[in-house]
Structure formats: structure tokens, C-alpha cells
Amino acid sequence: MQIIPAIDIIDGQCVRLTKGDYDQVTTYSDDPAQVARDFELAGISRLLVVDLDGAKARHVVNIDTLRNITSATGLSVDFGGGVKTREDLELVLAAGARQVTAGSIAVSDKAEVKKWIVEFGPEKIILGADVLNGKVMVSGWQESSGEELMDFLDFYVQLGIQYVICTDISKDGVLAGPSFELYEAIQERFPTLKLIASGGVSGKDDLIRLKSQGLYGAIVGKAFYEGRLTLEELTTI
């Protein structure tokens, strides 16, 4: 299982939200590129960069921060947040991202995301499935789409999507453990998906359990920044 640290960005700073609430922000560093370098030096190979400003504004905002990270490291970076147009997608790839997460746009404009999958290939596009009470959430987790998670996944699996980051918003940033049962249900229904768990990881035991379930990857955020996971643990689980 791949351990993928997350760097969430607001105003060019490395932050974390609690349950997606922009009013509950904790700032951890004003130098995200240095944070990324530290991950790379420890042996991490992949990184998730989330443009929280972009997710809220509905267009990419922190592109300079992405460029700083990709120019300072050789990490394989997945970028998400605010990617709503082909221009956004091309901008992010040109800035050095290896993969791009399609989140809200995958709900609001399925025809456009289908074009991206066909043109850029399923290796480049990660489906972002952010869920609360079984419904897919959009616009930086601020609005419910009303769409059922399993129906959403089924649509994109049929289009050939391979990678999915699934975040249970109720678990995010509260260090209470991931949604193991949710991921098990997704794996049972879509056994070929490269499923990446996101939200709720509180420590090493959670990662070991996710690995035992056979997940492709797991996102780590607050647990690391709050000292519950060490860099060494991230690279040895």
C-alpha cells in the first residue's frame, strides 16, 4: 500500500481543516516546498497537493505553490482542488503534477471529465469521491450533490477510471479512524479499482489495518502534522 502524505494549501501555506470546515484551520508551515522536501528525503515517493483556495473559488489558485514543490522535488504529485476546465488541467500538468484529481467537475460535468479520461488517459486522472452520509459532496465539501456514492463510482468505472481517492468527510481531520467499512464495500463492488483511502487516519494501526484490507493507497495528513506518525513510520509500514 502506498502511503501518500497530503499538503493542503491556503494562501500558499500548509494547513489542515477539520471536517472540511474553512473556519477550523490549523497552519503547519509557510513553506510547503520544504515540507515536500522533507517527505522526499525520508523516502516518500508520492504526494497529494490540495488547493483549498481553488476548491472554494472553483478555479486553480495556488499554482505557484505547486510549481515550487515540483521544481524542488522529484515527488510524483497528484494535484486537486479547483480543476474545472481543460485549461486548469493543462496548467496543472504543465506545472509538474503527474496526476490530477477530478472532484466537483466529475459531478457537474461528466461529459467533460469523460473527454479528459479519453484524451489524457486514465493514468492521469484520479476520481475524487468526497462523501458525507453516502452522498457525494462538491465545492470544497461545502455542498451536497445529492448523488449516491456507489452510482457515481459505477458511472466512472464504466468509463475506465482506475484511481479513486475516497474521503469520508465526517472522518477528516478528527483523528478518529478511517471508514474501514465504506472502503470494504467499495472494494467488494469494484474490485479492480485502485482505491485510495482518505480521512481519519490517526496513527500506525489505522494504516496497518487499511493495508490488510488491500487498499492501493492511504492519504496521511493531520496524524503526521500532529506528531502521531513519524516520517520513519510512513516509509516502513
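All values below were derived from every heavy atom in this structure, side-chain atoms included, with hydrogens, water molecules and symmetry-related copies excluded.
The shortest non-hydrogen separation linking Val164 to Ala129 is CG1-CB, 4.2 Å. Minimum interatomic distance between Cys14 and Pro32 (heavy atoms only, all atoms of both residues): N-CG, 3.9 Å. Residues Pro5 and Leu47 come closest through the heavy atom pair O-CD1, 3.3 Å. The heavy-atom pair separating Thr167 from Tyr183 by the smallest distance is CA-OH, 4.4 Å. Here the closest non-hydrogen pair linking Pro122 and Tyr163 is O-CD1, 3.8 Å. Annotation for Ile105 and Lys84: closest pair CD1-O, 3.3 Å, computed over non-hydrogen atoms.
In the hydrophobic cluster analysis, where Ile, Leu, Val, Met, Phe, Trp and Tyr join through side-chain heavy atoms closer than 4.5 angstrom, Phe180 is grouped together with Ile208. Hydrophobic clustering (ILVMFWY, side-chain heavy atoms < 4.5 Å, transitive): Leu159 and Ile186 are in one cluster.
You'll find the side chain of Val131 reaches within 4.5 Å of the side chain of Leu182, heavy atoms only. Residues Leu93 and Phe120 are in side-chain contact: their nearest non-hydrogen atoms beyond the backbone lie under 4.5 Å apart. Using a 4.5 Å heavy-atom threshold, the side chains of Gln99 and Ile126 count as touching. Looking at heavy atoms from C-beta onward, Ile7 lies out of side-chain contact with Val50 at the 4.5 angstrom threshold. Counting only heavy atoms from C-beta outward, the side chains of Arg46 and Leu75 never approach each other to under 4.5 Å. Using a 4.5 Å heavy-atom cutoff, the side chains of Leu89 and Ile125 are in contact. Between Glu148 and Lys135 there is a side-chain heavy-atom pair separated by less than 4.5 Å. Counting heavy atoms from C-beta on, the side chains of Ile9 and Leu66 never come closer than 4.5 Å.
One finds the CD atom of Gln158 at 10.5 Å from the NZ atom of Lys114 (value rounded to the nearest 0.5 Å). Between Thr26 atom OG1 and Tyr225 atom OH the span is 12.0 Å, to the nearest 0.5 Å. Going from atom CG of Leu215 over to atom CE of Met1 covers 7.0 Å, rounded to the nearest 0.5 Å. Rounded to the nearest 0.5 angstrom, Asp154 CG and Arg189 CZ are separated by 5.5 Å. Atom CG of Asp78 sits about 7.5 Å away from atom CD1 of Ile4, to the nearest 0.5 Å. Rounded to the nearest 0.5 angstrom, Phe190 CZ and Met150 CE are separated by 6.5 Å.
Checked by atom type and distance alone, the side chain of Asn62 never pairs as donor or acceptor with a backbone atom of Thr65 at under 3.5 Å. Using modelled atom types, no side-chain atom of Ser179 and backbone atom of Glu181 make a donor-acceptor pair closer than 3.5 Å. Using modelled atom types, one side-chain atom of Glu233 and one backbone atom of Thr230 make a donor-acceptor pair closer than 3.5 Å. Judged purely by atom type and a 3.5 angstrom limit, Gln187 uses its side chain to pair as donor or acceptor with the backbone of Gln213. Under a 3.5 Å cut-off, the side chain of Asp51 and the backbone N or O of Val60 do not form any donor-acceptor pair. For the pair Thr70 (side chain) and Arg67 (backbone), a donor-acceptor distance under 3.5 Å is present. Between the side chain of Asp53 and the backbone N or O of Asp11, at least one donor-acceptor pair lies under 3.5 Å. With Asp206 contributing its side chain and Ser202 its backbone, the two residues share a donor-acceptor pair below 3.5 Å.
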Evaluate the criterion side chain to side chain contact (heavy atoms under 4.5 Å, CB included) for residue pair Cys166 and Ile196; output intermediate values, then yes/no. CA-CA 6 Å; Cys166 184; Ile196 301 169; over 6 Å; no
Between Tyr156 and Lys110, does a side chain to side chain contact (heavy atoms under 4.5 Å, CB included) hold up when you go through it step by step? CA-CA 9 Å; Tyr156 279 101; Lys110 291 183 171 66; 3.4 Å; yes
Is there a side chain to side chain contact (heavy atoms under 4.5 Å, CB included) between Lys204 and Ile237? Walk through the geometry before answering. CA-CA 8 Å; Lys204 184 177 180 179; Ile237 290 173; 3.8 Å; yes
Passes side chain to side chain contact (heavy atoms under 4.5 Å, CB included), Ile219 versus Val201? Steps please. CA-CA 8 Å; Ile219 306 294; Val201 170; over 6 Å; no
Using side-chain hydrogen bond (donor to acceptor under 3.5 Å, both in side chains), reason through Thr85 and Asp88 one step at a time and then give a plain yes or no. CA-CA 5 Å; Thr85 65; Asp88 287 328; 3.3 Å; yes
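Using a 4.0 Å cut-off between charged nitrogen and carboxylate oxygen, Arg86 and Glu119 count as a salt-bridge pair.
Screening Ile117, Thr101, Leu153 against Leu127 for a side chain to side chain contact (heavy atoms under 4.5 Å, CB included) leaves a single residue, Leu153. Here the options are Val25, Leu17, Val61, the test is side chain to side chain contact (heavy atoms under 4.5 Å, CB included), and the partner is Leu52; only Leu17 passes. Remark: of the listed residues Arg16, Lys222, Glu226, Glu226 is the sole one forming a side chain to side chain donor-acceptor pair (under 3.5 Å) with Tyr28.
A donor and an acceptor atom, one from each side chain of Gln2 and Tyr216, are located under 3.5 Å apart. There is no side-chain donor-acceptor pair under 3.5 Å between Asp31 and Gln34.
Aromatic pair Phe224/Phe39: centroids less than 6.0 angstrom apart.
The number of heavy-atom neighbours closer than 6.0 Å to NZ of Lys194, taken from other residues, nucleotides and ligands shown, is above 12.
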